[in-house]
Every structure is written in structure tokens, then in C-alpha cells.
Amino acid sequence: MAGRFAPRPTRTTVRGGHVAVPGGVPRQAVVAGKVRTVVPDGPLDLGLVLGPLRRGPGDPTFRAVPDGSVWRACRTPAGPGTLRVAVRGAEVRGEAWGPGAEWLLEQLPELLGAADDPSVFVPRHRLVAVTRHRRPGLRLTRTGLVLESLIPSILEQKVTADEAYRAWRLLVRKFGEPAPGPAPERMCVMPDVETWRLIPSWEWHRAGVDNKRASTILRAVRVAARMEEAVRMSPGEAQARLEVVPGVGPWTSAEVVQRSHGAADAVTVGDLHLPGIVGWALAGDRDADDSVMLELLEPYAGQRHRAARLILLSGRVPARRAPRMPRGDIGRL
């Protein structure tokens, strides 16, 4: 399968970091989209804000291009849509195409962090304070969409990031639909609920997705309407709603509400690397577990996810002590 995809010159940095710019250039626009202009009430770094929505450098639903703009292909409650976001001086211009265009433009301010209030955050460690000063444009995005974060988060359970990104890329490109409008080449909208339900077992296998994760996704899409209702709940209530689905635990639900709700306090527990990174950055403890991480983040109660993002952006991570986890591919079996 590797030969089917051209190598890309860049790769995604640490989770929550800058958006890496691939070499693709969008096709010439031939259809004018609907437009909305937003004036942020403070500094805005488009890469920092929208970066967490990207699932690897080859994500078919997300593209950053050399002119600094970001493209997103989404399945909204109104249907598929494509959104292009670009910073122009003090303004941010959004242009959208497809049946979901109006919905995407209506949600644009929250996508850019309008519902987030970074001023309430008080740094308690010098490292966090310095990083916040260096990254004033960090805002927490709120997409208002649950399934688009839930499905790739389930794919990321218990596997390497490369394996999860590959599975998402293959499934969306094969079973999704072309992004509306003049989107960059090979951009796709993720499959609709019925299509997810009808993906044959062998296609999950070819994408490297084991039966446990595939079954969890199928259980989630069977109750898709109930999952999407969670966006109108508080982050804590939304996590409880998501975790009703067998196979969705605290790690997955936190990863979802961080994006769907812009949840400033939804710290990810159960992560392989995050406790050690937080422990090392704040206390020099590279062997910290979840309990130690939560204790270190306690001074940031209400803003623990933001604190974790800033720690990741600081670049202070412990040196690797073991070989990188080998990448598996059950599709070869």
C-alpha cells in the first residue's frame, strides 16, 4: 500500500503543536463559496488552534497550504461541507462550499476559539508561564461535532499514531466522498453513518483495524444521534454519555470533548506518554503515572487541558529510553 501514496516533505509535530505545511497546492477556485469574516478579540495562531483537528500529515479531511490557509472537509448536521480559513491582517476570513457551508460559517467563531477564555488561566510554573508568553495565539477550538473526533480517537486506541493515521486515511479515502468546492486534491468528507455501518469486516482488516476497535466504532455509529446530542451537554456530562458505549473509556472521551467542546479541563488520562511528559516538565519525574500527573496539574483545576497543551508546546520532554514501538499491520496477515 505504501507505493500508492507519494512521500510528503513534512510531518506532524507533537500533539497540539504547529500545523506542518505539506507540499500540496489547492486547485484553482472555480466556484465562489459563501463567506464570513471574523475579527478575533485577541492574538490568534491558526496552526495552534486548528492543529489538534489534524489526524496525521495525510489526513484527507484537513489540509494546510503554503499561503497559510487551512482547509477542512466536514460532515455537518446539514450535510458535507468544505471550509477554508485564512488570516488576513486583523481578520479571519472563512469561505465554505457544499450543503454544510452555512453551518460551518455559523460555527466559525467557536472553531477559532471564541468560546474559549484564555485570560482565566493563571500559570503556576515558570515553564508554563514562559510557554504561554511565547504562544499568545493559543485558543481551544470547539467544532460542535462529535463523531468526526470520536471515530479517529477510537482508531488511536492502543496503537501507534502512524497506524491510526494510516487507518483513518485509508477508510476516509475509500468510503468517504470528495470534498465540495475547489478543495485541495484528494480531500474527502468522512463517510456518513450508514456507510460506516456497511464497511465489510475485511476492509477494516486491510486498514489495520482490529475487531475490537472496529466493533467500538460500529456500536458508536448505531447511536450516532445520541452521540451528537452530547455537544449540547457540559464536557463532563458529554464524557459520561460517550462512555456508555462499550469500548469508549476516559482516554477516548477526553480526546473527543477537547475538540468537540473546547473543554479546557478535560485532561487525557490513560495516555502512554503524557504523564511522563508532564511529570518530567513540572517535577523532573519521567516515571510519573496518571495519579502523579493529576496531582501536578491540580493547581490548574478547571484549566488542566490548557496546561497540558502548554507543557507539550514547551518542548521539554524526557529523552527516549527504549526503542520506538514497532508499527504493526494486521492487514498483512
Side-chain angles (χ1 to χ4, degrees), residues 1-2 11-16 52-59 61 146-172 175 190-191 196 199-223 227 238-260 263 266-279 286-294 305 308 312 317-318 320-333:
M1 296 296 292
R11 62 185 178 86
T12 304
T13 57
V14 296
R15 183 185 304 162
L53 304 181
R54 184 181 194 172
R55 305 292 182 159
D59 186 349
T61 69
V146 173
L147 279 185
E148 78 160 22
S149 293
L150 178 58
I151 292 173
S153 293
I154 293 172
L155 291 175
E156 292 174 8
Q157 294 175 351
K158 307 297 184 181
V159 296
T160 65
D162 285 346
E163 292 173 81
Y165 295 157
R166 174 182 178 273
W168 173 249
R169 182 174 67 247
L170 295 180
L171 291 168
V172 171
F175 298 101
M190 79 170 193
W196 282 115
I199 294 177
S201 60
W202 57 87
E203 294 291 355
W204 293 103
H205 184 84
R206 287 173 179 171
V209 182
D210 57 71
N211 183 64
K212 182 176 181 181
R213 287 179 293 151
S215 297
T216 301
I217 291 173
L218 292 176
R219 285 191 289 266
V221 298
R222 289 191 189 105
V223 290
M227 295 294 97
Q239 286 192 254
R241 168 69 64 87
L242 296 176
E243 290 171 25
V244 169
V245 177
V248 176
W251 183 92
T252 305
S253 65
E255 289 288 309
V256 174
V257 299
Q258 287 166 9
R259 297 165 172 84
S260 63
V267 62
T268 304
V269 295
D271 192 84
L272 180 62
H273 304 291
L274 186 60
I277 293 173
V278 172
R286 64 182 302 157
D287 298 314
D289 57 14
D290 280 336
S291 63
V292 173
M293 176 182 70
L294 292 176
H305 171 52
L312 289 170
V317 297
R320 186 179 296 276
R321 290 190 299 192
R324 187 181 298 273
M325 181 184 292
R327 171 181 168 178
D329 185 0
I330 66 170
R332 294 179 179 271
L333 300 179

Got a sec, which residues hit salt bridge (Lys or Arg N to Asp or Glu O under 4.0 Å) with E243, two or more places apart in sequence or on another chain?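 If we apply the salt bridge (Lys or Arg N to Asp or Glu O under 4.0 Å) test to E243, skipping adjacent residues, there are no hits.
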
Begin with the C-alpha distance, continue with both residues' side-chain angles, and end with the deciding distance and a verdict on side chain to side chain contact (heavy atoms under 4.5 Å, CB included) for I151 and W168. CA-CA 9 Å; I151 292 173; W168 173 249; 3.9 Å; yes

Please determine whether side chain to side chain contact (heavy atoms under 4.5 Å, CB included) holds for the pair D287 and V292, giving the CA-CA distance in whole Å, both sets of side-chain angles, and the decisive distance to 0.1 Å. CA-CA 9 Å; D287 298 314; V292 173; over 6 Å; no

Would you say [X] and [Y] make side-chain contact, with heavy atoms under 4.5 Å?
X    : Y    : value
T268 : Q258 : yes
M227 : V256 : no
D59  : V172 : no
V267 : V278 : no

For the residue pair [X] and [Y], what are the closest heavy atoms and their distance?
X    : Y    : answer
S153 : E255 : OG-CB, 3.7 Å
A220 : L150 : CB-CD2, 3.8 Å
S149 : R55  : O-NH2, 3.4 Å
R219 : V245 : CB-CG1, 3.9 Å
A266 : Q239 : CB-OE1, 4.1 Å
W251 : G270 : CD1-C, 3.7 Å

Can you tell me how far [atom2] of [Y] sits from [atom1] of [X], rounded to the nearest 0.5 angstrom?
X    : Y    : atom1 : atom2 : result
D289 : L294 : CG    : CG    : 9.0 Å
Q157 : I154 : CD    : CD1   : 6.0 Å
S253 : R241 : OG    : CZ    : 13.5 Å
L155 : L171 : CG    : CG    : 6.5 Å
F175 : L170 : CZ    : CG    : 10.0 Å
L312 : H273 : CG    : NE2   : 11.0 Å

What residues, two or more places apart in sequence or in another chain, satisfy side chain to side chain contact (heavy atoms under 4.5 Å, CB included) together with D290?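 Only V269, P275, M293 meet the side chain to side chain contact (heavy atoms under 4.5 Å, CB included) criterion with D290.
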
R286: which residues meet the side chain to side chain contact (heavy atoms under 4.5 Å, CB included) condition with it, sequence neighbours left out?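 W280, P318, R321.
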
Could you check whether E203 pairs with R206 (Lys NZ or Arg NE/NH1/NH2 to Asp/Glu carboxylate O, under 4.0 Å)?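 Result for this pair is yes, salt bridge flagged.
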
Report yes or no: does W196 contribute a side-chain atom to a donor-acceptor pair with the main-chain N or O of P191 at less than 3.5 Å?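 Yes, W196 side chain to P191 backbone: donor-acceptor pair under 3.5 Å.
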
Between the main-chain N or O of T216 and the side-chain N or O of R213, is there a donor-acceptor pair closer than 3.5 Å?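 Not a single qualifying donor-acceptor pair exists.
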
